[in-house]
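For reference, the structure is listed below as structure tokens.
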Number of protein chains: 2
Amino acid sequence: MPSAVSGERVTIYDVAQAARVSTATASKALNDTGRVSLETRDRIKRVARELGFRPNSLARSLTRKRSFTVGLLTNDTYGRFTLPLMAGISEGLIDHGVSVFLCAIGDNPDLARIHVDAMLDKQVDGIIATGKRIDRPLPVDLAHLSVPVVYALMAGPRDGITLVPDDRQGAGDAVRHLLAQGRQRIVHVTGPSEFDVVHERALACKQALVEAGVSAEDNVLFGSWSEHWGHQAVDVLWSGAEKPDGIFCGNDQIARGVVDALRERGVNVPGDVSVVGFDNWEIVAKETRPPLTTVDMNLKELGRQAGLALVRLVNGEAVETGVWKLPCSLIIRSS
Amino acid sequence: MPSAVSGERVTIYDVAQAARVSTATASKALNDTGRVSLETRDRIKRVARELGFRPNSLARSLTRKRSFTVGLLTNDTYGRFTLPLMAGISEGLIDHGVSVFLCAIGDNPDLARIHVDAMLDKQVDGIIATGKRIDRPLPVDLAHLSVPVVYALMAGPRDGITLVPDDRQGAGDAVRHLLAQGRQRIVHVTGPSEFDVVHERALACKQALVEAGVSAEDNVLFGSWSEHWGHQAVDVLWSGAEKPDGIFCGNDQIARGVVDALRERGVNVPGDVSVVGFDNWEIVAKETRPPLTTVDMNLKELGRQAGLALVRLVNGEAVETGVWKLPCSLIIRSS
DNA sequence: GCCATATGGGAAACCGGTTTCTCAAATTGA
DNA sequence: TCAATTTGAGAAACCGGTTTCCCATATGGC
């Protein structure tokens with residue numbers, strides 16, 4: 001008797017029986033494949049709906065050899081970059097019925113190995129690797145896996161697919177914004193020189209200045225990614241002869257430190273000096289006084305693209321390899 | 001011929017064939033179940049190892065009716081609370097071979113429904129629900145699911161299992177710390193009064209003061225969770241007659257605002273006034289000048305416990321229902 | 001009216017494991 | 001020495017779907 005059996009899940013067998021067909025026909029009808037009359041198809045679909053049939057994804061995956069599941073591997077313990085990325089991936093993939101395993105592996109190679117193995121055992125269709133250090137690989141080799149891998153915010157192999165923000169464009173926009181404000185003596189206060197992105201951004205900064213015919217000599221200060229360094233940098237700059245009127249910072253925390261230090265010195269922002277940050281970490285940028293103009297890396301969109309690129313790989317479609325640079329946006333606030 | 005076939009995954013069938021036994025025996029040997037001679041068991045295990053056999057988790061899940069997978073549902077778009085929690089869950093569960101699907105659903109009920117359905121289709125063994133607002137439920141009803149649910153940082157049903165930090169103890173410790181510094185005029189600057197935790201913490205604050213025989217009248221200021229509010233609160237407090245010498249803040253951002261405002265007024269922290277925050281959001285607390293003394297909610301440990309509680313539920317073990325309050329730790333820095 | 005083709009649907013194999021049940025051989029007991 | 005029990009291992013069913021292949025019937029052409 002076809003009726004809503006409580007507790008137990010409804011299987012395709014139940015549907016088939018209720019519709020008086022075989023499971024084969026039921027399957028074909030529900031998936032719009034094979035040869036089934038329109039009449040029968042509709043009837044089966046109706047019955048399935050009435051019974052509240054939901055196919056067991058595991059069983060389907062077993063035959064299809066597709067689990068509709070991907071893994072996201074990250075060594076960003078803080079979540080600053082991972083969560084927006086994750087949200088984007090998830091958003092991009094949910095339409096494809098794909099779910100995401102998230103694994104935070106820190107810098108522990110053993111843990112990384114365990115998690116990757118667990119993912120492969122669970123038959124993930126692909127893996128997205130990400131980290132906070134673009135130039136540092138994950139502590140595990142993903143190059144020879146049986147599933148495709150996409151790298152986001154992280155250096156992948158030459159013949160792989162890597163998605164990163166276009167730091168060059170972002171930094172260029174930031175500097176051009178400062179120039180448009182009429183700033184002429186522009187310095188760049190940034191993070192440790194061991195980071196690739198630091199050089200990327202510094203280079204773009206210089207280039208934009210040169211293009212505008214503005215001096216770009218000795219205008220980069222390397223330090224750490226902290227507010228503290230922002231303060232220090234202002235101390236250094238304001239002890240010199242020629243004080244800058246525009247400061248482009250390597251991230252929002254540095255910028256916050258810079259702005260605070262300037263205020264404390266009685267320097268008006270943006271009256272005397274304009275400041276631009278990088279990251280658009282709203283919790284920092286919005287609470288800076290005045291709110292910080294900064295570069296947004298559009299991480300959510302980057303995640304979406306990474307997810308979509310991965311499914312295309314999984315589907316065997318051709319995907320252009322190499323480094324994809326996704327545009328950054330300048331978020332103009334009051335600084 | 002048993003040999004390392006490249007590309008294709010090794011199945012239990014391959015192992016059985018190479019060891020000249022049936023798949024039934026192979027399965028039993030590898031799982032240490034059934035009746036197999038020690039000799040045969042060892043041989044099969046050795047062969048499996050040599051072939052690099054890794055069981056297909058999907059196939060196993062299908063028969064065992066356990067997917068060794070749980071879902072983590074969150075409406076915390078920012079990751080501030082979710083990621084540490086996630087790390088804890090993951091850490092607690094990896095030993096059990098359990099992986100975690102992470103879904104950020106925001107406040108969208110439709111999206112929530114879709115993700116929950118997707119999880120159920122993928123046969124998750126259980127779900128952990130979490131959010132940034134402890135007193136706001138997720139925009140989807142999880143009460144009548146076929147799998148167990150554990151609530152973390154979020155109000156669950158009466159007969160469910162809910163894990164939250166012990167706000168009362170944390171707030172009490174914070175206030176007692178201020179008292180121990182010799183502070184007598186203590187105020188509490190906290191978030192919006194619609195939040196349950198706000199009242200919880202305010203109450204604990206009052207109680208600790210009363211116990212110490214210190215005045216606790218009109219000493220709570222409700223506002224928002226922002227730095228800006230911290231500034232405003234100092235304005236209010238310092239325009240009054242009797243200025244406080246100890247301030248306990250509802251979160252680190254407020255505390256940061258308070259400390260900055262005090263410094264700008266020339267009030268010395270911790271010389272004239274001691275300040276304690278809540279959350280131990282390191283990025284804020286460590287960069288505050290001076291570094292912030294604050295309450296850590298031990299979210300990672302909370303996540304671990306939530307994960308373990310869930311597997312116990314899944315295993316049908318008895319688990320005490322109700323609200324579990326996990327201890328907070330006071331992190332003493334310089335404020 | 002008869003043969004070739006198209007159509008709808010089902011039986012059975014399969015995905016990769018687990019588990020029950022059966023059975024032959026080995027061991028034990030009297 | 002012979003029956004009763006224990007032991008080791010395999011055949012087959014199963015989990016819940018998908019897919020291939022085959023067959024009966026309906027349709028079309030001449």
Side-chain angles (χ1 to χ4, degrees), chain A residues 5 7-45 47-48 51-69 97 118 120-125 146, chain B residues 5 7-45 47-48 51-69 97 118 120-125 146:
Chain A
V5 186
E8 294 306 311
R9 264 185 91 98
V10 177
T11 72
I12 200 171
Y13 187 81
D14 300 327
V15 174
Q17 200 165 327
R20 308 221 157 278
V21 293
S22 70
T23 60
T25 305
S27 175
K28 281 181 280 194
L30 294 170
N31 292 299
D32 284 326
T33 61
R35 284 132 80 104
V36 183
S37 72
L38 192 63
E39 221 178 341
T40 313
R41 207 179 278 280
D42 286 346
R43 176 164 49 91
I44 293 174
K45 282 183 177 174
V47 170
L51 262 49
F53 170 67
R54 309 227 73 206
N56 182 327
S57 196
L58 259 38
R60 165 177 288 166
S61 299
L62 197 54
T63 48
R64 290 237 183 123
K65 293 182 176 311
R66 281 281 305 276
S67 66
F68 294 93
T69 287
L120 293 176
D121 290 350
K122 294 205 165 126
Q123 311 291 117
V124 292
D125 297 331
S146 51
Chain B
V5 186
E8 293 306 311
R9 263 186 94 97
V10 177
T11 72
I12 201 172
Y13 188 80
D14 300 328
V15 174
Q17 200 165 329
R20 308 221 158 278
V21 293
S22 69
T23 59
T25 305
S27 175
K28 282 181 279 193
L30 294 171
N31 291 300
D32 283 324
T33 60
R35 286 132 81 102
V36 183
S37 73
L38 192 62
E39 221 178 341
T40 314
R41 209 179 278 279
D42 286 346
R43 176 164 48 90
I44 293 173
K45 283 183 178 174
V47 170
L51 262 50
F53 170 66
R54 310 227 74 207
N56 181 327
S57 197
L58 259 37
R60 165 177 288 167
S61 298
L62 197 54
T63 48
R64 291 236 183 124
K65 293 181 178 307
R66 283 281 304 278
S67 65
F68 294 93
T69 288
L120 294 176
D121 290 350
K122 293 203 166 128
Q123 311 292 113
V124 292
D125 296 331
S146 51

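In the text below, chain A, chain B and the rest are named by the order of the sequence lines, each starting its count at 1.
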Among the nucleotides dG8(D), dG17(C), dG16(D), whichever has the atom closest to the side chain of T63(B) is dG17(C)
From CG of D121(A) across to C1' of dG16(C) the rounded distance in Å is 13 Å
Of the listed dT19(D), dG17(D), dT7(C), the closest approach to the N56(A) side chain comes from dG17(D)
Between CZ of F53(A) and P of dG16(D) the distance, given in whole Å, is 11 Å
Comparing nearest nucleotides in DNA chain D, the 5'-proximal residue of the pair R41(B), T11(A) is R41(B)
Rounded to whole Å, the CG-P distance (L62(B) to dT19(C)) equals 12 Å
From the candidates dT19(C), dG10(C), dA9(D), the one with an atom nearest any side-chain atom of A24(A) is dG10(C)
| query | Touch check for T40(A), heavy atoms < 4.0 angstrom, all strands: base, sugar-phosphate only, or nothing? | reply | sugar-phosphate
Heavy-atom closest pair (K45(A) atom, A29(A) atom, distance to 0.1 Å) is CE-O, 3.5 Å
Here the distance between atom P of dC15(C) and atom CD of Q123(A), to the nearest Å, is 14 Å
Using a 4.0 Å heavy-atom cut-off, does T25(B) contact any base of the nucleic acid, only the sugar-phosphate backbone, or nothing at all?
base
Need one value for S27(B): base, sugar-phosphate or nothing, where a base atom within 4.0 Å counts as base even if backbone is also close, heavy atoms only. base
When rounded to whole Å, the CZ to P distance for the pair R35(A) and dA24(D) reads 16 Å
Donor-acceptor pair under 3.5 Å, K65(A) side chain vs dG16(C) base
no
| message | Test your reading of the model: is there a side-chain donor-acceptor pair from R9(B) to the backbone of R54(B), 3.5 Å cut-off? | response | yes
(message) Does T69(B) form a side-chain contact (heavy atoms from CB on, under 4.5 Å) with Q123(B)? I'd like the steps, not just the answer.
(response) CA-CA 8 Å; T69(B) 288; Q123(B) 311 292 113; over 6 Å; no
Open item on the list: Tell me whether R41(A) contacts the main-chain N or O of K28(A) through its side chain, where contact means a donor paired with an acceptor under 3.5 Å.
Closed with: yes
Problem set entry | Touch class at under 4.0 angstrom, heavy-atom based, for T33(B) against every strand present | nothing
Out of dG8(C), dG10(D), dG16(D), minimum distance to the side chain of A59(A) belongs to dG16(D)
Exercise. Tell me whether the OP1 or OP2 atom of dA9(D) has a side-chain N or O from S37(B) closer than 4.0 Å.
Key: yes
How is R60(A) classified with respect to the nucleic acid when contacts are heavy atoms under 4.0 Å: base, sugar-phosphate, or nothing? sugar-phosphate
The single option from N31(A), V21(A), T25(A) that satisfies side chain to side chain contact (heavy atoms under 4.5 Å, CB included) with V36(A) is T25(A)
I12(B) CD1 to dG10(D) P, in whole Å, measures 12 Å
Is the shortest side-chain heavy-atom distance between T23(A) and T11(A) below 4.5 Å?
no
From CG of D32(A) across to P of dG17(D) the rounded distance in Å is 17 Å
Winner on side-chain proximity to V36(A), out of dG9(C), dG16(D), dG17(C), is dG9(C)
Please determine whether any donor N or O and acceptor N or O are separated by less than 3.5 Å between the side chain of K28(B) and the base of dG10(D). yes
Whole-Å distance, K122(B) NZ to dC15(D) P, equals 23 Å
